[in-house]
There are 2 protein chains.
Amino acid sequence: MSGKIITNNIKALRFNNGEVTQARLAEKIGVTRQTILAIESAKYSPSLELAFKIADFFSVPIEEVFQYVDAA
Amino acid sequence: MSGKIITNNIKALRFNNGEVTQARLAEKIGVTRQTILAIESAKYSPSLELAFKIADFFSVPIEEVFQYVDAA
DNA sequence: ACATTATGTAAAATATATTATACTTCTTGT
DNA sequence: ACAAGAAGTATAATATATTTTACATAATGT
């Protein structure tokens with residue numbers, strides 16, 4: 001049915017950028033630590049705006065943070 | 001505060017691709033025509049998943065459909 | 001002028017993202 | 001072993017996106 005899922009490499013990006021913590025990333029972006037945690041562990045996928053904010057924070061395009069790929 | 005807003009060129013893309021209608025785009029992507037209309041007229045911004053679906057439909061990266069730019 | 005198709009407006013109902021709070025577990029340094 | 005910082009689990013409350021339905025307007029072809 002759905003076929004595709006959204007994955008992310010936020011954790012990897014956090015460590016490629018001077019060990020930024022979940023709490024600090026959340027604070028910088030203006031969301032809660034819970035939100036970062038939930039997205040990072042793929043509990044749900046973010047709004048487009050939040051996706052843009054995260055991508056902007058790491059200075060990369062959205063596609064480098066999130067991937068829309070086949071589930072199987 | 002926020003400073004940035006999300007814009008889109010869905011309408012332009014629809015006409016660059018053989019005049020695909022809102023209803024047809026919605027149907028192909030698996031959402032309601034109202035959703036396409038609301039997003040196209042920036043009543044609200046979509047979920048990341050829907051943004052991916054729209055971008056995929058037009059075979060372009062998300063950044064070519066949606067732009068996160070300064071409001072002013 | 002009429003019929004048809006596409007787009008816009010509106011509002012209530014539902015689903016999903018985000019917050020807030022509190023507690024737990026893991027790591028690391030001392 | 002202990003303390004402190006970071007990450008994980010859980011849940012209720014709130015905000016926002018999406019659906020559904022219904023009607024209104026705009027554009028086009030006959």
Side-chain angles (χ1 to χ4, degrees), chain A residues 1-58 60-71, chain B residues 1-58 60-71:
Chain A
M1 285 283 116
S2 143
K4 292 193 167 189
I5 59 173
I6 293 183
T7 66
N8 75 87
N9 7 54
I10 296 178
K11 182 168 283 185
L13 286 162
R14 284 198 295 110
F15 283 86
N16 294 354
N17 281 55
E19 298 244 4
V20 55
T21 176
Q22 286 179 344
R24 177 153 185 75
L25 173 56
E27 171 194 323
K28 280 290 186 178
I29 286 178
V31 295
T32 307
R33 181 177 69 88
Q34 302 304 330
T35 301
I36 298 297
L37 174 58
I39 292 168
E40 192 170 307
S41 48
K43 280 188 131 190
Y44 49 72
S45 55
S47 64
L48 178 59
E49 185 173 11
L50 183 44
F52 265 123
K53 284 182 182 169
I54 296 175
D56 274 20
F57 178 85
F58 292 121
V60 297
I62 286 186
E63 285 82 356
E64 206 164 312
V65 183
F66 300 96
Q67 296 82 32
Y68 191 51
V69 296
D70 287 305
Chain B
M1 282 283 121
S2 142
K4 293 194 166 190
I5 59 174
I6 294 183
T7 66
N8 75 86
N9 6 54
I10 297 179
K11 182 168 282 186
L13 286 163
R14 285 198 295 109
F15 283 85
N16 294 354
N17 282 54
E19 297 243 2
V20 56
T21 177
Q22 287 179 346
R24 176 151 187 76
L25 172 57
E27 171 195 324
K28 280 290 187 179
I29 284 177
V31 295
T32 307
R33 180 178 69 89
Q34 301 305 330
T35 301
I36 298 296
L37 174 57
I39 292 168
E40 192 170 305
S41 48
K43 282 189 128 187
Y44 49 73
S45 54
S47 64
L48 178 59
E49 185 175 10
L50 183 44
F52 265 124
K53 283 182 183 171
I54 295 175
D56 275 19
F57 178 86
F58 292 121
V60 298
I62 286 185
E63 284 83 356
E64 206 164 311
V65 183
F66 300 95
Q67 295 83 32
Y68 191 52
V69 297
D70 286 306

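Values below: every heavy atom of this structure, side chains too, minus hydrogens, waters and symmetry copies.
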OG1 of A:Thr21 to CD of A:Glu27, rounded to nearest 0.5 Å, is 9.5 Å
Specify the separation, in whole Å, of atom CD of A:Glu40 and atom P of C:dA17.
-> 17 Å
Presence of donor-acceptor pair under 3.5 Å, side chain of A:Arg24 and base of D:dG5 | no
Separation of B:Asn8 atom CG from D:dA17 atom C1', in whole Å?
-> 15 Å
Measure the distance from CZ on B:Phe52 to P on D:dA17 and round it to the nearest whole Å.
-> 18 Å
Is a side-chain donor or acceptor of A:Thr35 paired with a backbone partner of A:Val31 at a separation under 3.5 angstrom?
-> no
If only side-chain N and O atoms of B:Arg33 are considered, is one of them under 4.0 Å from the OP1 or OP2 phosphate oxygen of C:dT5?
-> no
How long is the line joining CG of B:Leu37 and C1' of D:dA24, in whole Å?
-> 13 Å
Roughly how many Å is it from CG in B:Leu50 to C1' in D:dT19, rounded to a whole number?
-> 13 Å
Given D:dT18, is OP1 or OP2 found less than 4.0 Å from the side-chain N or O atoms of B:Ser47?
-> yes
Rounded to whole Å, CD1 of B:Ile39 lies from P of C:dT7 at a distance of 15 Å
Give a yes/no on whether any side-chain N or O of A:Lys11 is located under 4.0 angstrom from OP1 or OP2 of D:dG8.
-> yes
Counting just side-chain N and O atoms, does A:Ser45 come under 4.0 Å of either OP1 or OP2 of C:dA17?
-> yes
For the side chain of A:Arg14, counting heavy atoms from C-beta on, which of C:dT7, C:dT18, D:dA7 is nearest?
-> D:dA7
Has A:Thr21 got a side-chain N or O lying under 4.0 Å from the OP1 or OP2 atom of D:dA7?
-> yes
Output yes when at least one side-chain N/O atom of B:Thr35 is less than 4.0 Å from OP1 or OP2 of D:dT18, else no.
-> no
Where the side chain of B:Tyr44 is concerned, which of D:dT20, D:dA17, C:dT18 is the nearest nucleotide?
-> D:dA17
Minimum heavy-atom distance B:Leu37-B:Gln22, with the two atoms named | CD1-NE2, 3.8 Å
Looking only at N and O atoms, is any donor in the side chain of A:Gln34 or the base of C:dT21 less than 3.5 Å from an acceptor on the other one?
-> yes
Residue-phosphate contact under 4.0 Å: A:Gln22 side-chain N/O, D:dG5 OP1/OP2 = no
Rounded to the nearest 0.5 Å, how far does CG of A:Leu50 lie from OG of A:Ser45?
-> 10.5 Å
A:Lys43 NZ to D:dA7 C1', in whole Å, measures 13 Å
Please step through side chain to side chain contact (heavy atoms under 4.5 Å, CB included) for the pair B:Phe58 and B:Asn16, ending with a clear verdict.
-> CA-CA 9 Å; B:Phe58 292 121; B:Asn16 294 354; over 6 Å; no
Can you tell me the distance, in whole Å, between the CD atom of B:Glu27 and the C1' atom of D:dT20?
-> 17 Å
